[in-house]
Amino acid sequence: MKSAFLIVFFALGLASCSKFAKVQKSNDYDYKLRMAEKYYVAKKYNYAKQLYEELFPLLKGQPQFEDLFYKFAYCAYYLRDWMNAENLFKQFVEVFPNSPRAEEMEYMRAYTYYRQSPKTPLDQTNTQKTIGLMQTFINTHPGSARIKEATEIIDKCRLKLEEKEHLSAELYYNMGKYRAAAIAYNSLMNDFPDSQRSDEYKFQIIKSYYLFASNSVEEKKPARFEQVVTECNDFADRFPESKLLKEVERYSNLSQNNIKETSKALNNEQVKKTN
């Protein structure tokens, strides 16, 4: 039964390819355009794309050209040929800047970059391009019905960039590179000042500097624990309602005790050397 199904499937496929080959060989361009339209409607985008590509230079400047260009670009998009689709959407706007479809094409150009946005740990160049192009779209078309969706995509992209930066800071922390972790978390806060996780990042800065101070040589501990206290005070000023405030106060107290004990030990050592 399965073999019979496969035979029928391949037979239909061969028949379809044979029919398409006949369309390709035809010198009747009107016929080819009609068939391209049929393939497009039937979502046979590979066939439609090949015919549109052949007709593209022949119909340039003709009344049908705008519609052909529009569908040709979407064929690339539906075939997941993102780079070609982005380029065609861009070219459409350049060729038909006053077209009613120009706004849609601008949006779709930005959206192709969004479709190429990779998983969080990977290079986020396309994510950044998405943000830039979507913001340009919003600025250029303030009354567009697509503004809401464009804004939501920007928010998603910014969250992805934030998470990537967070993972980098977290990696430093897990590797025991506490000073680098503190700097990375501080950079994260500066890059995403409106983040809902700002208090968490600030807390990680405190923890990182505390561990950095704890692992320092005795002579450098007082100044480094002072930095922890400063960060704790800044946390209390900026996040007075944070659920992490009690933990921050604990780190502040631990740091102040360390400053006292270390300073006392260093003074005693100095006295011994003097005597």
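All heavy atoms count here, side chains included; hydrogens, waters and symmetry mates do not.
Panel note: side chain Asn87, backbone Met83; no donor-acceptor pair is recorded below 3.5 Å. Between the side chain of Thr112 and the backbone N or O of Arg109 there is at least one donor-acceptor pair closer than 3.5 Å. The main-chain N or O of Leu122 is found under 3.5 Å from a side-chain atom of Gln124 such that the two form a donor-acceptor pair. Listed for the Lys32 side chain is no donor-acceptor partner under 3.5 Å among the backbone atoms of Asn27.
Using a 4.5 Å cut-off on side-chain heavy atoms (C-beta onward), Ile153 and Tyr107 make contact. Side chains of Phe239 and Leu245 form no contact here, defined as non-hydrogen atoms less than 4.5 Å apart. In this structure, Glu66 and Tyr70 have side chains that are not in contact, with every pair of non-hydrogen atoms separated by 4.5 Å or more. Counting heavy atoms from C-beta outward, Tyr210 and Asn258 have side chains that approach closer than 4.5 Å. Contact check for Glu104 versus Arg146: side-chain heavy atoms found under the 4.5 Å cut-off. Within the 4.5 Å cutoff, the side chain of Lys22 has no heavy atoms near those of the Ser26 side chain.
For the pair Arg197 and Glu163, the salt-bridge criterion is met [side-chain N within less than 4.0 Å of a carboxylate O]. Using a 4.0 Å cut-off between charged nitrogen and carboxylate oxygen, Asp30 and Arg34 do not count as a salt-bridge pair. Contact check on Glu53 versus Lys49 returns a salt bridge, with a Lys/Arg side-chain nitrogen under 4.0 Å from an Asp/Glu carboxylate oxygen.
Within 6.0 Å of atom CZ in Arg158, 12 or fewer heavy atoms from other residues, nucleotides or ligands are found, so the atom counts as exposed in its surroundings. The neighbour count for Glu94 CD, taken as heavy atoms of other residues, nucleotides or ligands under 6.0 Å away, is above 12.
Rounded to the nearest 0.5 Å, atoms CD (Gln227) and CD1 (Ile205) are 10.0 Å apart. Annotation: the span from Cys232 atom SG to Phe203 atom CZ amounts to 8.5 Å, rounded to 0.5 Å. One distance of note links NZ of Lys221 with CD1 of Ile259; it measures 12.0 Å at 0.5 Å rounding. In this structure, the separation between CG on Asn139 and CE on Met134 is 13.0 Å, given to the nearest 0.5 Å. From Ser255, atom OG reaches atom CD of Glu226 across 9.0 Å, with rounding to the nearest 0.5 Å.
Side-chain contact annotation: Tyr251 with Glu231, donor-acceptor N/O pair under 3.5 Å absent. Looking at Ser252 and Gln256, their side chains do bring a donor and an acceptor atom within 3.5 Å of each other. Side chain to side chain, Gln50 and Tyr39 fail the donor-acceptor criterion of an N or O pair below 3.5 Å. In the model, Tyr201 has a side-chain atom that pairs as donor or acceptor with a side-chain atom of Glu162 under 3.5 Å. A donor and an acceptor atom, one from each side chain of Glu106 and Thr140, are nowhere located under 3.5 Å apart. For the 3.5 Å distance criterion, the side chains of Glu37 and Tyr52 qualify, holding a donor opposite an acceptor.
Under a hydrophobic-cluster definition in which Ile, Leu, Val, Met, Phe, Trp and Tyr are linked whenever side-chain heavy atoms come within less than 4.5 Å, directly or via other members, Tyr31 and Leu59 are assigned to different clusters. Hydrophobic clustering of Ile, Leu, Val, Met, Phe, Trp and Tyr side chains at less than 4.5 Å, counting indirect connections, keeps Leu51 apart from Leu88.
Of the listed residues (Tyr74, Trp82, Tyr113, Phe69), just one forms a ring-ring contact (aromatic ring centres under 6.0 Å, His included) with Phe89, and that residue is Tyr74.
Checked against the 6.0 Å centroid threshold, Phe56 and Phe65 count as a close aromatic pair. Residues Phe225 and Tyr209 place their aromatic rings such that the two centres sit no closer than 6.0 Å. A ring-centre distance under 6.0 Å is found for Tyr114 and Tyr111.
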For residues 175-194, which side-chain donor-acceptor pairs fall under 3.5 Å, sequence neighbours excluded?
residue, atom, partner, partner atom, Å
Asn190, ND2, Asn186, O, 3.3

* Verify side chain to side chain donor-acceptor pair (under 3.5 Å) between Thr125 and Asp123, making sure each step is shown before the conclusion. => CA-CA 6 Å; Thr125 298; Asp123 178 72; 2.6 Å; yes
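Sorted by first and then second residue, the salt bridge (Lys or Arg N to Asp or Glu O under 4.0 Å) pairs involving residues 232-259 (not counting sequence neighbours) are Lys202-Asp234, Asp234-Arg238, Glu247-Arg250.
Residues satisfying the side chain to side chain donor-acceptor pair (under 3.5 Å) test with Arg115, not counting sequence neighbours, are Tyr77.
Using cut-offs of 30° and 60° on the angle between ring planes, the pair Phe96 and Phe92 is tilted.
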